[in-house]
Amino acid sequence: MKPNFFPKQLLLFFSFVVLSLACQEDVANEELDLIDKDMVQATELADSYLASSQARRKSDKSITILKYMDGKLWFATNTDKKRGYQEVTEETVTAYVNPGEHVFWFSGGGVSDLEGIEFDAASQYQLVNSPEEINPDKMWVIMIPEDREIDADGFLKYDIIYQIQGNEGEPPIRLDPKLKVSQ
C-alpha cells in the first residue's frame, strides 16, 4: 500500500498561499504607513482652494509641510519627495518655484498654529499680494507674480510664525527661510 501524500502536499500548498498573502498585506500596510497624512490633507486643501479661486488656468503648486519634532521645525515639499523632512534654518530654501505658481504652507504634526507667513520688505516689494490665510491656523498661500521681475538672485526671504503644541499662550516662534524663484 502506497502512502497518500496528496493531503500533505495540499496542506503545504495552502500554507504557502496563506503565508504569501499575509506577507503582501504587511507590505501594503507598511506602504500605507509611509504616506504622509499631512501632505495628503494639505494637497486636498490646496486643490480645493485652486478650484474655488479665480485662477485663470490650472496653476502649479508648491506645498511646504511644517512639522515640529525633536525641538526643531522641519519641512518637506510636494515637489521634492526624495529628500524627506529637513530642518528649517535661515539658510533653508523651502521651495524652488516658478512665476505664476502658488506656494502653500501647511502646519503639520507638532505645529498647533501657523500664525503667519511674512515676507521681508525687499521681498514683499517684489510680490503683488501678501500671503493669505486660507484655513485658520493650518494653511497659508501666495501666488508668485508672472509679470514682475524678481531680483537677480531670485530669493524671497520670509518669516514662518508658528506655535508648537503644548506651548499655546507663549509668544510665537519666528524662523526666516527663503524661496527661490526661477528666472
Side-chain angles (χ1 to χ4, degrees), residues 35-55 58-146 148 150 154-168 170-182:
I35 294 174
D36 187 338
K37 294 174 184 164
D38 288 327
M39 186 62 78
V40 170
Q41 184 180 6
T43 300
E44 290 171 356
L45 285 171
D47 289 345
S48 176
Y49 171 81
L50 291 172
S52 66
S53 72
Q54 301 292 338
K58 185 175 179 181
S59 174
D60 289 335
K61 63 183 178 281
S62 178
I63 302 170
T64 299
I65 305 298
L66 301 166
K67 290 188 181 205
Y68 190 81
M69 304 177 288
D70 303 322
K72 298 175 185 172
L73 188 66
W74 299 81
F75 81 99
T77 66
N78 65 319
T79 58
D80 188 6
K81 296 177 183 174
K82 291 180 184 178
R83 296 185 339 178
Y85 280 87
Q86 299 174 30
E87 184 180 353
V88 177
T89 69
E90 64 183 48
E91 296 301 314
T92 302
V93 176
T94 57
Y96 294 86
V97 298
N98 295 309
E101 187 170 334
H102 284 83
V103 182
F104 294 88
W105 292 267
F106 181 80
S107 64
V111 177
S112 62
D113 182 0
L114 184 53
E115 290 192 14
I117 301 295
E118 292 180 2
F119 284 86
D120 70 7
S123 296
Q124 186 60 54
Y125 178 76
Q126 297 176 70
L127 300 170
V128 176
N129 297 319
S130 294
E132 167 188 9
E133 186 175 31
I134 60 170
N135 191 298
D137 302 332
K138 291 301 275 181
M139 185 173 261
W140 288 75
V141 65
I142 193 162
M143 188 181 119
I144 305 300
E146 289 181 283
R148 288 232 174 168
I150 304 296
F155 289 107
L156 298 173
K157 278 194 76 70
Y158 68 96
D159 284 354
I160 300 168
I161 307 163
Y162 66 101
Q163 289 279 353
I164 58 173
Q165 290 177 346
N167 280 5
E168 290 80 2
E170 297 286 323
I173 301 167
R174 282 183 174 260
L175 272 177
D176 57 344
K178 48 193 155 194
L179 298 175
K180 173 71 169 142
V181 180
S182 301

- prompt: Rounded to the nearest 0.5 Å, how far apart are CD1 of Ile173 and CD of Glu115?
  reply: 10.0 Å
message: So Pro131 and Gln124, do their side chains get closer than 4.5 Å, heavy atoms only?
response: yes
- prompt: Do Leu66 and Ile160 pass the side chain to side chain contact (heavy atoms under 4.5 Å, CB included) test, and can you show the C-alpha distance, the side-chain angles, and the key distance before you say yes or no?
  reply: CA-CA 9 Å; Leu66 301 166; Ile160 300 168; 3.7 Å; yes
field: Heavy-atom side-chain contact between Leu156 and Ile144 under 4.5 Å
entry: yes
- prompt: Closest heavy-atom contact between Ser62 and Thr79?
  reply: OG-OG1, 4.3 Å
- prompt: So do Asn78 and Met39 actually touch side chain to side chain, heavy atoms under 4.5 Å?
  reply: yes
- request: Considering only NZ, NE, NH1 and NH2 on the basic side and carboxylate oxygens on the acidic side, decide whether Lys157 and Asp120 come within less than 4.0 Å.
  value: no
- request: Could you tell me whether a side-chain N or O of Glu101 sits under 3.5 Å from a main-chain N or O of Pro145, the two making a donor and an acceptor?
  value: no
- request: If the plane angle is over 60° it's perpendicular, under 30° parallel, otherwise tilted; pick one for Tyr162 and Tyr68.
  value: tilted
- request: Could you tell me which non-hydrogen atom of Leu127 sits nearest to which non-hydrogen atom of Ile142, and how far apart they are?
  value: CD1-CD1, 3.6 Å
message: In this structure, is the centre-to-centre distance between the rings of Tyr158 and Trp105 below 6.0 Å?
response: yes
query: Is a donor on one side and an acceptor on the other found under 3.5 Å between the side chain of Thr64 and the backbone of Phe75?
result: no
field: Tyr49 to His102 - nearest heavy-atom pair and separation
entry: CE2-CD2, 4.1 Å
field: Flag side-chain contact, heavy atom, 4.5 Å: Leu179 against Val103
entry: yes
- prompt: Sub-3.5 Å donor-acceptor pair from the side chain of Ser48 to the main-chain atoms of Leu45, do we have one?
  reply: no
task: Answer yes or no: is there a donor N or O on one side and an acceptor on the other, between the side chain of Asp38 and the main chain of Gly109, under 3.5 Å?
output: yes
statement: Heavy atoms of Glu133 and Trp140 approach each other most closely as N-CE3, 3.4 Å
- prompt: Taking all atoms of both residues into account, what is the closest heavy-atom pair of Lys61 and Ala46, and its distance?
  reply: CD-CB, 4.1 Å
Derivation of the side chain to side chain contact (heavy atoms under 4.5 Å, CB included) call for Ile161 and Glu118: CA-CA 8 Å; Ile161 307 163; Glu118 292 180 2; 3.4 Å; yes
- request: Report yes if some heavy atom in the side chain of Thr43 is under 4.5 Å from a heavy atom in the side chain of Phe104; otherwise report no.
  value: no
- prompt: For the residue pair Met139 and Ala42, what are the closest heavy atoms and their distance?
  reply: CE-O, 3.3 Å
message: Working note: Glu87 + Thr89, criterion side chain to side chain contact (heavy atoms under 4.5 Å, CB included); need CA distance, chi angles, decisive distance, verdict.
response: CA-CA 6 Å; Glu87 184 180 353; Thr89 69; 4.2 Å; yes
Side-chain (Gln163) to main-chain (Glu170) donor-acceptor, under 3.5 angstrom: yes
- request: Would you mind reporting whether Asp113 and Ser107 have side-chain heavy atoms less than 4.5 Å apart?
  value: no
query: Do Val111 and Phe106 come close enough that some side-chain heavy atom pair is under 4.5 Å?
result: no
query: Taking side chain as C-beta onward, heavy atoms only, is Met143 less than 4.5 Å from Val128?
result: no
Check: Asp80/Thr77 side-chain N/O donor and acceptor closer than 3.5 Å: no
